[in-house]
Amino acid sequence: MIDLHNHLVRYVVKLPVHATDPDMEVAVQMARIAEEDGIRTIVSTPHFRPERMGDEAARMYDLLHSAVDTLNEELQRRGIQVEVLTGAEVAMSEMLPDLAKRKLLPTIAGTRHVLIELPQTTYAPWAEDMLFKLQLKGYTPVIAHFERLADAPVKHISPQVLHERGIKMQVNCESLMGRRGRSVQDLGQSLIREGLAAGLGTDAHEPEHSPPLLTTCRPIVDRVGGRGTFDHLTTQSAATIIGR
Ligand SMILES: [Fe+2]
C-alpha cells in the first residue's frame, strides 16, 4: 500500500513550521507501524508554507529532500521494508507559480504531482486560480484531505468541478473514521462514493494518537465505494500519483 500523506520526516530533521524536536527513534517507530499495516511506500509530506518561509524556500526544499535520504538509509540499515518518497504538504499561496518557476516546488517523488493544502480558515478567492496556474505550468495538483474543507470558507470549491479539470483529491483515513467530525466524515465518504478520491493518506503525525495506519479504514472505504475500492485507492490509483 501507498500512504500519500505522512509527517514522519519531522522527526528526522528540525524543520521550520514544525515545532518538533527530531528523534530518529520516533520516525523509525512510525515506519515500523506502517510496515506492519502493509504500507510499503510512504510519501513524506511535511508542511511547506511559502508565506512563512521568506527567503528560506531553497534551504527548506533541500532539507526536505536530504531528510528523506537520511531516513531511507536508516530504515534500510534496520531492515524495515518501507520506502519513503520525497514530497511536501504545500500550503496554497500566491507564491506557488513563482516557486514553480524557480524549481522550488517540492513535488511528490519528483513527479509533476504536488500535494496542495487549501486554506482552511481564510476565504482565498484566488485559490482556484492558483491551481489553474500550476496546471498551466504542467503540474497536477493533488488536494490534501479535501474532505477537511467541509466547513472551511473555501467550501464553495466543488470537488466535481476540480475532478473535471484534472485535479486530484486525497482523502485521510482518520476523516473517514469520523475523527474530524461528522461533516468532514460525510464529505470524505461522498468523495469515495462518487469516485472522486485518487488516494488515501494517514496524515500521521506521531505513533500513538496519529499513527500511520490505512487498513483501519478498509471496511468503511469498501462499504461506501464498493468492494475493491480500498485496494484500488491504496495501490494502482496512488501509484499513478507517485509515478509508478
Ligand atoms: Fe498533513
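Every number for a ligand or one of its atoms is a count from 1 in the order of the listing. Because the structure is predicted, anything quoted here is derived from the model rather than measured.
Its N, O or S atom nearest to the Fe ion (ligand 1) is what matters here, and for D203 that atom is OD1. Nearest to the Fe ion (ligand 1), among the N, O or S atoms that E89 has, is OE1. Of all N/O/S atoms in H7, NE2 sits nearest the Fe ion (ligand 1). When you scan the N, O or S atoms of H5 for the one nearest the Fe ion (ligand 1), you land on NE2.
Panel note: side chain E35, backbone Q81; a donor-acceptor pair is recorded below 3.5 Å.
One hydrophobic cluster, built from ILVMFWY side chains closer than 4.5 Å, holds both L214 and L8.
You'll find the side chain of T216 stays beyond 4.5 Å of the side chain of D37, heavy atoms only.
E89 and R148 are not joined by a salt bridge, as no carboxylate oxygen comes within less than 4.0 angstrom of a charged side-chain nitrogen.
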